[in-house]
Amino acid sequence: MIKKLKNIVKLLRSIDLEQIEKISKKVDLPKVMHAVSKMDDVQLQGVMKMLTSSGKKRETPPIDADFYAVEAKLSPTDRALQLKVREFLEREIKPLVNKYWLHDEFPFEIIPKLAALNVCGYVYEGYGCAGGSSLMDGIIAAEFGRIDPSIATFLGVQSGLAMGSIYMCGSEEQKQEWLPKMQRLEKIGAFGLTEPEVGSGTAGGLTTTCRRTENGWVLNGQKKWIGNSTFSDITIIWARDVDDNQVKGFIIRKENPGFMVEKIKGKMALRIVQNGLITLTDCVVPEMDRLPLANSFKDTAKVLQMTRAGVAWMAVGCARGAYENALDYTLKRKQFGRPIASFQLIQNHLVEMLSNLTAMQTLVFRLSELQDEGKLKDEHASLAKVFCTLRTRDIVSRAREVMGGNGILLEYNVARFLADAEAIYSYEGTKEINSLIVGRSITGFSAFV
């Protein structure tokens, strides 16, 4: 009894009665005491840990979306270029994109800055191009996609589709005339394959026609969703020859009579990209502007194979941008007195996003290694395009989800990725078409209609 009395006296001496009085005005102390008395040891330890917390700001790990360190395989020179591109995009492009995306406009002021970056036509040999690797070209595409898929698409059309068509299918005279100027972005190119009523069926169903005459080639038809076409200096047009039913390629200059472009409005994705509806009405093209090595759809497919790999990389960049912004948000956003990144369900979403992103990164890395080894096949590029764009849709959706209502606001830099992923998912071959290309490869049966 004496021992108990001594403990009570000691306890009373340690209690600040003034603090007790203040607390009693805010809470019902008897109820609090009753609740605490029923807690088990684990619960009491948790309460004490919370009460004795130092209040110091928790140091969180740096945001690193390269979880398997695939970028460590880059040479020091390539790694330096990657970081140079990243720093440029963070400084010059990121502050602009939300404004231009919202207003459906293109930031023409960035073109000279992009030219100075000197990455356009990166993989081509000669003509002012770097002659670099496909792997590094993919890394660059991902870096652009990480900041803005629209600007990545602009560069992809210019550097891949338009320049690639001339590089792979053009004459030496055409290459000398256009490639150096396009590499410096002094001349802008577009690529016209898709039509209003013909998307996936371009291999055998082009309705745009070409016919050879004494004055050159006469082209008639329409092309739709043609990026850069509202302000491009040249557009590569693919048309079906009425005489031999084969697909042929042409360089159409913007001043060509019979060539008209109307801007497509009302898009909900890639809004910075200026897509056009092209109408060709008895458009006469001289023989010197026909691509001499483009004489069937197989030649068109060579260009698409190369750029389809780039689209897979772009999807990786889009997914990475969404993941990084979402992770950063969850570390800063607090609910119930702590960052939402500490919640189990949020962490599950983040891990699912990172898992898909890491799988995508390792896949496209190997894809570009195959391309540099000269072993790339249509089915390789198609599988990457299918998987990466499909997983990107899942990643951007989860990124929006962990941000709650803020996920639909441009200022939080995820809503744009969410919308743009839909366009990346569809262009340069839908999931279904690319799946059939892979299916034909692994079964030996062509399931195309």
Side-chain angles (χ1 to χ4, degrees), residues 134 138 156-157 160-161 164-165 167-169 191-210 221-226 236-250 291-316 359-360 363-364 366-394 421-449:
S134 297
V157 171
L161 290 168
S165 296
Y167 185 80
M168 299 177 74
C169 301
F191 179 90
L193 178 62
T194 304
E195 298 179 352
E197 301 299 328
V198 181
S200 300
T202 53
L206 282 184
T207 61
T208 298
T209 61
C210 60
Q222 285 189 314
K223 298 292 182 180
K224 192 174 183 181
W225 301 112
I226 312 307
I236 307 299
I237 293 291
W238 302 90
R240 180 175 55 83
D241 190 340
V242 295
D243 291 326
D244 62 12
N245 210 38
Q246 293 296 321
V247 174
K248 292 181 170 57
F250 300 87
L291 297 174
L293 301 182
N295 296 300
S296 73
F297 188 76
K298 290 183 178 180
D299 300 316
T300 317
K302 293 176 184 177
V303 180
L304 294 176
Q305 181 195 87
M306 173 186 65
T307 56
R308 195 164 282 154
V311 174
W313 274 102
M314 195 186 305
V316 171
M360 292 160 59
L363 187 152
V364 293
R366 179 55 185 154
L367 176 74
S368 289
E369 286 182 335
L370 289 171
Q371 196 168 4
D372 286 326
E373 294 166 5
K375 299 176 181 177
L376 181 70
K377 298 179 181 179
D378 287 344
E379 53 266 30
H380 295 145
S382 290
L383 181 64
K385 206 277 181 178
V386 166
F387 181 79
C388 291
T389 56
L390 190 62
R391 293 301 96 204
T392 293
R393 290 175 98 195
D394 183 77
E422 290 302 308
I424 299 173
Y425 177 70
S426 295
Y427 70 43
E428 292 224 27
T430 62
K431 172 185 179 294
E432 290 74 18
I433 289 298
N434 280 297
S435 294
L436 292 181
I437 291 173
V438 179
R440 179 178 59 192
S441 169
I442 62 178
T443 67
F445 294 101
S446 176
F448 288 95
V449 175

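Computed from a predicted model, the values in this text were never measured in an experiment.
- Looking only at distances, no side-chain donor or acceptor of Lys248 sits under 3.5 Å from a matching main-chain atom of Thr209.
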Exercise for the section: Evaluate the side-chain hydrogen bond (donor to acceptor under 3.5 Å, both in side chains) criterion for residues Thr207 and Glu197: first the C-alpha distance (whole Å), next the side-chain angles of each, then the deciding distance (0.1 Å), finally the verdict. Expected result: CA-CA 8 Å; Thr207 61; Glu197 301 299 328; over 6 Å; no

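- The main-chain N or O of Glu369 is never found under 3.5 Å from a side-chain atom of Asp372 such that the two would form a donor-acceptor pair.
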Problem - Derivation of the salt bridge (Lys or Arg N to Asp or Glu O under 4.0 Å) call for Lys223 and Glu195 - result: CA-CA 4 Å; Lys223 298 292 182 180; Glu195 298 179 352; 3.1 Å; yes

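- With contacts defined as side-chain heavy-atom distances shorter than 4.5 Å, the pair Gln371/Met306 qualifies.
- When side chains are defined from C-beta on, Gln246 does not count as touching Asn295, because their heavy atoms never get closer than 4.5 Å.
- Side chains of Thr208 and Gln222: a donor-acceptor N/O pair is absent below 3.5 angstrom, by distance only.
- Across all non-hydrogen atoms, the minimal contact from Gly160 to Val303 is O-CG1, 4.3 Å.
- The main-chain N or O of Ser426 is never found under 3.5 Å from a side-chain atom of Thr430 such that the two would form a donor-acceptor pair.
- Using a 4.0 Å cut-off between charged nitrogen and carboxylate oxygen, Lys385 and Glu428 do not count as a salt-bridge pair.
- The two atoms that bring Asn434 and Gly429 nearest to each other are ND2-O, 2.9 Å, heavy atoms only.
- A distance-only check finds no donor-acceptor pair linking the side chain of Ser441 to the backbone of Ile437 [under 3.5 Å].
- Here the closest heavy-atom approach between residue Leu376 and residue Ala381 is recorded as CD1-N, 4.1 Å.
- Applying side chain to side chain contact (heavy atoms under 4.5 Å, CB included) to Val386 and the options Lys431, Arg308, Arg391 leaves one that passes, Lys431.
- With hydrogens and angles left out, the side-chain atoms of Trp238 and Ser165 include no donor and acceptor closer than 3.5 Å.
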